[in-house]
Amino acid sequence: MRTVVCVKQVPGTHDAKIDPDTKRIIREGIKVVINPFDTYALEAAVQIRERIGGEVICLTMGPPRAVTVLREGITVGADRGILLSDRAFGGSDTWATSYALAKAIRKIGDVDLVICGKQAIDGDTAQVGPGIAAHLSWPQATYVMDIDEIANGSLIAKRLHEDGWDLCSLRLPAVITVVKDINQPRVPTLKGRLAAEQQEIPVWKAEDIGAAPERIGLDASPTRVVQTNPPAARKNEGLRLDGTVEQNVARLVQELRRRSLV
Amino acid sequence: MKQHHLTPGYHVEILPPKQETEKLYEDLDRFANRFNRVMESGDCACITDNAMGNLAFQGTEVIEELELQVVEDQVMIHLNTFHTKKDLHRILDSCRALHIRRLLVVTGDGSDRLPRLTPAEVGAEGVAAVTSVELLRYIEHTYPGDFDLGVAFNPYEPEDYEFAKLARKLDAGATFVITQPVIERHPVVDKLITSYPELPVVVEAWMSKKLHLLSEAVGYEIPEDTPYEPIENLKALHRNYPESEVYLSILGFKTQYGLLQELRN
């Protein structure tokens, strides 16, 4: 079973800033982290390998420093990483990005499953996973909350929706995107990190994956961000206690215990 | 008079390298240097567990990976409730293999990326979440007699509440206490010492000049420009609590550690 996990380097949630002219996220000089949803995808892939064997490959597209998210992936169990990095990819939207990732997955070869986090926390589009499936013409399931079984060339998964879940069967190779409910990502170990630090990470350029120049980069991207506004400030969650003093005290203690504050 | 002393020297806090570090080898070297210095000085190295919710490598795995020499009774591992059960046992088993007996058991700050022990996993009933009390009881039950278990005591919390919590911790197996940072003297710490005359109480000394960073711990705003001399405070703690050992947090190894020599006994 060869699984590719697509990961993305995103700004730390407190550091995200938008360029007022280009409407794009400023990525230079800020703290970056692995997209939190991708850690669940990595854990799902590593658990599959632990269950039925195979290989986990971590794939990302970005500037050279994006290699750090691949090392994070290797730290928590991926066997190897591949970085797509080329100026020609610059400015790619989700469609052009998913095209490039799909081309890389074709180049890797013999891939049975692609797993992505449900979305990246910077763009929040949730489009790259489905885009990869579209470019590869593979079946897909989004918002996967559990993988029940992988056998006989199929994967059976629970797909989360507003009213519960669907049980889906996908013929492999396939693409899935996963939600937080699917697992609890393992905490990285020093041993894993040291192994990751020593691994060579190959860098593939556009021509290495046979990407058509007219299908990557800003000019090949059909979407344009025309306006960006910061979200409204969140109000602090309050709790109104309007019972008797005894009731209020009991309720407050219960609430503090529930939040593990006492 | 105290029943026994935990260590002849200071308890010196050491933070292991953070997970997000981009200078891993440099940070590991710094950790090893500090650890070895503390061992050579006869002090106790107290290694934090994802302090303030910042993900860091575990103290035991760093010691094992760097093959650091643990001197008996000179290492204390902080242990909080934000672990999987499997990882908890891995840490405890490593402690046992490394002959580390001393644990500081705390509830911990947690983080979105950290798992948390569930009540069912530690056999706790009637609680919504695992705190230091349930973790203490579990360790004491699962590894009977293998560890000396310490707990935190916060004199800035409402007094009755904190003493009630301490009673639960002692009942669960705690055998020593480390306070929150004390500035010169605190009446609740005095009361703690007189209430439990045989319980080893380790008083924490804040070794950073930035006293305002303690605002959250003490529960009121300390102005940023508040003058504070850590070494003078340490001397005051020795004067005011001559029977207590001292825990040094945020210690400057380059500038302060050498100065401790004149204060030792």
Side-chain angles (χ1 to χ4, degrees), chain A residues 9-15 29-40 42-43 47 50 64-69 71-76 117 121 180-199 249 251-262, chain B residues 16-25 27-28 31 49-50 55-66 80-88 90-91 94 106-119 126-134 154 157-158 161-162 164-165 168:
Chain A
Q9 197 174 41
V10 296
T13 44
H14 298 295
D15 299 318
I30 57 163
K31 185 182 166 191
V32 287
V33 297
I34 189 168
N35 175 44
F37 290 113
D38 299 344
T39 62
Y40 298 87
L42 274 163
E43 180 64 29
Q47 285 185 10
E50 287 172 347
R65 67 174 180 163
V67 76
T68 56
V69 291
R71 295 204 191 283
E72 279 192 56
I74 296 166
T75 299
V76 293
I121 60 165
K180 283 181 168 184
D181 311 55
I182 193 165
N183 56 45
Q184 172 65 58
R186 67 196 65 193
V187 177
T189 63
L190 179 59
K191 197 179 281 292
R193 173 72 185 271
L194 289 170
E197 289 283 329
Q198 283 157 15
Q199 197 171 116
V249 168
R251 176 82 176 88
L252 181 61
V253 169
Q254 182 190 33
E255 189 61 26
L256 290 170
R257 283 203 176 129
R258 190 183 68 77
R259 299 181 191 198
S260 304
L261 295 173
V262 294
Chain B
K18 286 184 184 172
Q19 296 268 0
E20 65 179 20
T21 181
E22 290 176 6
K23 303 171 292 175
L24 178 64
Y25 294 106
D27 289 353
L28 287 171
F31 179 91
D49 181 11
N50 297 315
L55 266 67
F57 295 106
Q58 274 301 314
T60 48
E61 65 171 334
V62 180
I63 291 170
E64 286 172 331
E65 199 61 44
L66 300 180
N80 66 35
T81 60
F82 291 87
H83 297 284
T84 62
K85 190 173 177 179
K86 188 176 169 188
D87 286 343
L88 171 71
R90 190 175 296 149
I91 294 166
S94 289
V106 294
T107 302
D109 299 309
S111 137
D112 288 347
R113 290 187 64 184
L114 288 171
R116 186 169 194 182
L117 289 162
T118 64
V127 293
V130 175
T131 67
S132 57
V133 173
E134 289 74 34
N154 189 345
E157 290 284 343
Y161 159 81
E162 193 63 11
K165 198 159 76 170
R168 291 203 299 275

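Below, read A as the first sequence line, B as the second, and so on, with proteins coming before strands; counting in each chain starts at 1. A quick note: this is a predicted structure, and the numbers were derived from the prediction, not measured.
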**Message:** D87(B) vs R186(A), test: side chain to side chain contact (heavy atoms under 4.5 Å, CB included). Steps then yes/no.
**Reply:** CA-CA 9 Å; D87(B) 286 343; R186(A) 67 196 65 193; 5.9 Å; no
**Asked** How far apart are the C-alpha atoms of V187(A) and N50(B), what are their side-chain angles, what is the distance that settles it, and do they pass the side chain to side chain contact (heavy atoms under 4.5 Å, CB included) test?
**Response** CA-CA 11 Å; V187(A) 177; N50(B) 297 315; 5.7 Å; no
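Proximity to chain A is limited to the side chain of L28(B), based on heavy atoms less than 4.5 angstrom apart. Interface remark: E72(A) contributes side-chain atoms only to the contact with chain B (heavy atom separation under 4.5 Å). If you measure heavy-atom distances from T39(A) to chain B, the contacts under 4.5 Å come from the side chain alone. With a 4.5 Å cut-off on non-hydrogen atoms, S132(B) does not touch chain A at all.
Of all residues in residues 58-66 of chain B, those placing a non-hydrogen atom less than 4.5 angstrom from a non-hydrogen atom of chain A are E61(B), V62(B), E65(B).
Counted within 6.0 Å of NZ on K85(B), heavy atoms from surrounding residues, nucleotides or ligands total more than 12; the atom is thus considered enclosed.
Going from atom CZ of R113(B) over to atom CD of Q184(A) covers 10.5 Å, rounded to the nearest 0.5 Å. Note that the CD atom of E22(B) and the CZ atom of R71(A) stand 11.5 Å from one another [nearest 0.5 Å]. Annotation: the span from L194(A) atom CG to F57(B) atom CZ amounts to 7.5 Å, rounded to 0.5 Å.
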